Amino acid sequence: MSSLTGTSNRRLSHGGWACVAAIMMGHALLMLASRCSADERSLAKVDSPSKGRKHLAQDHNIPQVALINDQIRQGWAASGLTPSGPATDAEWCRRLFLDVLGRIPLVEEINKFEADRAPDKQLRLVNELLSEDGPYVEEYARNWTTLWTNVLIGRAGGSEEGSLINRSGLQQSLRRALQRNMPYDRMVYELVNANGSGRPGDENFNGFVNFLAGNLSENGIEATAKTAQIFLGVQVRCTQCHNHPFNEWKQNQFWEFNAFFRQTRALRRFEQGSNDVTFVELANEDFGGEDGNAEEAVLFYELRNGLTKAAYPVFFDGSELNKSGYLEDVNRREELAKWMVKSDDLGKMIVNRLWAHFLGYGFTKPIDDMGPHNAPTHPELLARLGKEIRGHSYDLKQLIRWIVLSEPYGLSSRMSAKNKKDDPSLGEKAMFSHFYLRQMRAEELYHSLLTATEAHKTLTGDQQEKQSREWLSQFVTAFGTDDNEETTTFNGTISQTLMMMNGELIKEATRTDKASFLARVAANEKLSGKAKIDYLYRAALGRSPSNTERSLTDQLAALRKGDAVAALQDAWWAVLNSNEFILNH
Amino acid sequence: MSLFSTPSGMTRRHFMAHVAGASALALPAMQFTKALAANSQDLKKRHKSAIMLWMGGGPATIDIWDLKPGAPTGGPFQPIATSGNAQISEHMPMTARQMHNLAIIRSMSTREADHTRGRYYMHTGYVPNPNIEHPSYGSVVAHELDDQSKSLGLEIPPFVSVGGGSVGPGFLGMTFAPFVVGADGNVRNLQMGLDQERLMQRMNMLASLEKGFISQNRGDSAKDHAKILDKTLQLMTSKQMEAFKTSREPKEVQDRYGTTGFGRGCLMARRLVEQGVPFVEVDLGGWDTHNDNFRALETQKLPELDKAMSALVEDLEQRGLLPDTAIIWMGEFGRTPRINGNTGRDHWARSWSVVVGGAGMKGGIAVGETNADGTNVETEPYSSQDVMASVLKALGISLDTTFTSKNGRPMKIANSGKVIKELFA
């Protein structure tokens, strides 16, 4: 990639966009200047990068990027791996759009990036996508709202009849938070400590209550398990019944953590004169204790041998809380939220989660099961990035910036003999010496198709969300168990392929009527026949067709006997159905 | 020769074979065509299959197969006599008449009482391991009976999951992944609405793209994608898809199975087995009865189960399929003998029951015993691995089979489970 080596073999583009770039660059540099000073202050102790490598990846003068690059390189050296070369500009750009905005880039967006020759073009594109007052702020918020919603309540959460979860309520609150880049610790605090109605429009509406709303039955066992797992990377579900056989968690810790949720109630509110739950209000109430003594509000749990033990709220670090169940003495859930946002685990978990989002694998497998029993691949990097993000007010966009500008994120997905063995899909430790192929998420496919066919311009955000939910439901199965377990067939199955070949979404994307995308491409007089095919390849794959591919489309055009739209339709269908399209590479 | 020329006057199958010559993608389709041996009708009668009835959520087996009347844990249900030696719940009267074909394993004792882990363990014989994905029952059976599928000319996927509750193919690859359909048997997006010729031209175009990307050495997922395209194409053009359509059955047959999702799923399983599909899994969820266990069982779960399960066993026996078709009834775990404050039962793995039958396994018996209140297994405990080993043996699959996982680790089939001897006595 030109920006990594500082040279470029691309022709200088002409036209007006260079001016725009210069203006944006000025803006970006200003932003960078203020940021860098803070970064340098907080990261004075970053080791100097390993010596001996001839081509050092650019660190964009961001110490945290240098930290990542250095630590990851040390891993390569220790495992005898040689990294793949950098991805092409178009590949990197496509990857970035998919991972940050949840869709592939438009042809104009790729062209603009490729034509840019400045060495800081990656940094500028990243800043543009993440800018809080830039053109992408809504798309960013939409994508991360989807991602967080799926983490918090799953894809099926709120879709069942009579569900206590109001999905769009959660999404509304998340979107607002993400639009203004709410610090992550604040977001976690809001989710764990949420009170109010989960239904949009109510006076005391607070969409964040929908995270806990569906998890409070059976004394909040699932609220306990999910809160620990999602935010702290601690899997305690098994310890509900017994000490964990393989990790360090003990049964008493589960119930001591559970004790924090015992003042929390999901109050069902009914429509007048009906038994249908219309919304849920999350509220705190005094907890009387299981033996009726609210002064020392106890809960009991059963050991495997049948003995009963008592538990009061205790944090994982052993610090105890006032045992009273009276709210006027102590609000247990609020204390939990306060303690969680101070925990080291919070930083490590969000680093691990975002790293896995961008690199395909986290530092641990699974990402939300951390601790001494599950050693991370890069313990020092994980710990230090965790500290860094805490030191930067849990600014998620900052963390994203560090990761996507790092060397491993910019590597090609083409493997070489010298890094072929670095394949976590075979059960090996992920060393990130090449980019790991991964399939687009269903939501990413949906929005990519909208973008590629320029249909996103005719639908509002709410319409897109509604349609994508309807479309998605065909891939999601909820098991109806108490842990809200679910599964998807959007993972490379025949069902998925049938949808890609014949489904409504593809039919829509390959329409040829007058107003359709293909008809518009066919009628575009600025594009020659060859350029039309080129445009389709760039729209879907971010690259031009090879000579073989060109000759095949020529043959196709001949067979369609001059019906240009029909020939474009066949080519477009094939491109959208290809592995290259669906796999983020 | 141009890739897109289509000689006129060709049948569909010939056409596919023809384009296959020019396309690496369509090649396996052609191989299947060639493999349609003259003796396939013979084979069809004798082929091995298995049907798993998956009780998602963890069924209270103490209220179905191993009752404890009078014990404080027993609950209100009473046992009734069956056509076999074992008694079962009064709310399973039709299945009671089929019990001579089925064996209850009452000494199941496992350790996974979490839904996700239990589902994985019972489907694979292995506990979850972050570094390896184990293949599920259906994938193992479909893989091991692949030669049989080929000689039968099977064009539809060898592992069908009605309801989608199964576990994936793990290191055996997406070719052996469960093909998930709803109980209505409607396979979505099956028709392209284009003529065969144009479909093939598109496929050839696509084949070129696929090959190009695969050749760039970016890993297995690129190759897997091409393989699944191939399978999909085969399915889109297959007449065997009729097997999914339970509405083709006479009304009285449909009524016998019950017009519930599970009823239709069981009927579809029979049709698929007749078509030669080696493994079908049918889901019946809703067993996570932490609240109001007995009412849920008596009024909903057991009537639905009883009707469909009894009709399936009866049909398989009548049609002469039972000697070659294994049946496995199980969930991720059982439920606590102790009845909780909400008249429910919670997760319990230490002592519970699984039911198997067919494919030569001995019917009419109960294997193993639990103690008076059902809290412990009194006889030799059996595991997921042991059940799997027994079913595989019944299907004629060698227990010496060893897979090699993707990272080169040898993995014994059924995780070295022991065959449950009583089933083959």
Side-chain angles (χ1 to χ4, degrees), chain A residues 217-218 237-238 241 245 364-366 369 374 413-416 420 423 425-428 436-439 474 477 479-483 485 487 489 491-499 501-504 507 546 548-549 552-553 555-556 558-559 570-571 573-575 577-580 582-583 585, chain B residues 2-4 56-58 111 113-117 119 130-132 157 163-165 168 174 177-180 187-193 198 201-202 204-206 208-210 212-214 216-222 224-226 228-229 231-232 235-236 285-286 288 290 347 405-407 409:
Chain A
S217 56
E218 294 167 47
R237 192 171 272 121
C238 298
C241 308
T364 61
K365 260 199 275 181
D369 183 11
N374 191 10
S413 57
R414 294 185 193 228
M415 295 180 280
S416 74
K420 208 175 153 71
D423 189 347
S425 77
L426 306 186
E428 300 298 326
Y436 306 126
L437 283 194
R438 58 176 183 265
Q439 196 190 271
Q474 69 182 293
T477 307
F479 292 131
T481 48
D482 56 2
D483 56 0
E485 202 194 345
T487 184
T489 55
N491 57 359
T493 59
I494 289 177
S495 311
Q496 182 195 320
T497 306
L498 280 170
M499 181 279 297
M501 290 171 82
N502 310 325
E504 279 306 313
K507 288 215 169 84
S546 69
T548 319
E549 286 159 349
L552 282 172
T553 48
Q555 289 185 42
L556 209 53
L559 280 165
D570 290 337
W573 180 93
V575 169
N577 268 283
S578 67
N579 43 15
E580 188 174 350
I582 195 84
L583 296 170
H585 56 281
Chain B
S2 160
L3 288 182
F4 296 108
R111 297 179 61 96
D114 165 80
H115 292 292
T116 311
R117 295 180 62 90
R119 194 167 67 91
N131 291 317
I132 197 158
M174 288 310 287
F179 179 59
V180 177
V187 176
R188 294 178 76 122
N189 307 319
L190 201 55
Q191 301 305 326
M192 185 177 280
R198 197 158 163 208
Q201 289 161 356
R202 285 183 172 187
N204 279 307
M205 178 95 202
L206 178 53
S208 161
L209 276 154
E210 293 278 313
F213 193 67
I214 288 170
Q216 291 165 3
N217 201 17
R218 296 184 199 247
D220 284 344
S221 21
D224 287 346
H225 186 267
I228 293 301
L229 272 176
K231 295 269 170 200
T232 308
L235 178 135
M236 278 167 58
D288 201 15
H290 292 281
H347 305 179
S405 77
K406 283 187 178 173
N407 60 354
R409 225 185 287 174

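Values in this document were obtained by computation on a predicted structure and should not be read as measured data. Labels below follow one simple rule: chain letters A, B, ... track the order of the sequence lines, proteins then strands, and each chain is numbered from 1. Atoms considered below: every heavy atom in the structure, side chains included; atoms not considered: hydrogens, waters and symmetry mates.
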Check whether any side-chain heavy atom of [X] sits under 4.5 Å from a side-chain heavy atom of [Y], and report yes or no.
X      : Y      : answer
B:I214 : A:N579 : yes
B:M192 : A:W573 : yes
B:R198 : A:L559 : no
B:V180 : A:T493 : no

Of the listed residues ([options]), which shares the most heavy-atom pairs with chain B below a 4.5 Å separation?
options                        : answer
A:L583, A:T489, A:V575         : A:L583
A:S425, A:S413, A:S546         : A:S413
A:K365, A:E218, A:R414         : A:R414
A:M499, A:K507, A:R438, A:Q474 : A:Q474

**OP:** Check each of B:D288, B:T116, B:D114 against A:E485 using the side chain to side chain contact (heavy atoms under 4.5 Å, CB included) test, and report the only one that passes.
**Re:** B:T116
For [X], which atoms come within 4.5 Å of any heavy atom of chain A: side chain, backbone, both, or neither?
X      : value
B:L209 : both
B:Q191 : backbone
B:R119 : side chain
B:L235 : side chain

Subject >> Proximal component of A:T477, with respect to chain B [non-hydrogen, under 4.5 Å] >> reply: side chain
**OP:** Identify which part of A:D423 has an atom lying under 4.5 Å from any heavy atom of chain B, answering side chain, backbone, both or neither.
**Re:** neither
To the nearest 0.5 Å, tell me how far [X] [atom1] sits from [Y] [atom2].
X      : Y      : atom1 : atom2 : result
A:Q496 : B:I228 : CD    : CD1   : 9.5 Å
B:L206 : A:D570 : CG    : CG    : 11.5 Å
B:F213 : A:S578 : CZ    : OG    : 8.0 Å
A:E549 : B:S208 : CD    : OG    : 5.0 Å
B:H225 : A:E580 : NE2   : CD    : 11.0 Å
B:M236 : A:M501 : CE    : CE    : 4.5 Å

Original post:
Among all residues two or more places apart in sequence or in another chain, which pass the ring pair (Phe, Tyr, Trp, His ring centres under 6.0 Å) test with A:Y436?
Top reply: A:Y361, A:F432, A:H434
Original post:
How would you list, by chain and number, every residue that makes a ring pair (Phe, Tyr, Trp, His ring centres under 6.0 Å) with B:H290, sequence neighbours excluded?
Top reply: B:H347
**OP:** Evaluate the criterion side chain to side chain contact (heavy atoms under 4.5 Å, CB included) for residue pair B:R188 and A:L498; output intermediate values, then yes/no.
**Re:** CA-CA 7 Å; B:R188 294 178 76 122; A:L498 280 170; over 6 Å; no
Original post:
Which atom names give the shortest non-hydrogen contact between B:G165 and A:F479, and what distance separates them?
Top reply: CA-CE2, 3.4 Å
Original post:
What is the minimum heavy-atom distance between B:P157 and A:I494, and which atoms define it?
Top reply: CG-CD1, 3.7 Å
Original post:
Do other residues, nucleotides or ligands put more than 12 heavy atoms under 6.0 Å from A:K420 NZ?
Top reply: no
**OP:** Could you have a look at B:L190, B:I132, B:D220 and say which one has the most heavy-atom pairs with chain A under 4.5 angstrom?
**Re:** B:L190
**OP:** Pick whichever of B:G164, B:S405, B:G212, B:A222 has the most heavy-atom pairs under 4.5 Å with chain A.
**Re:** B:A222
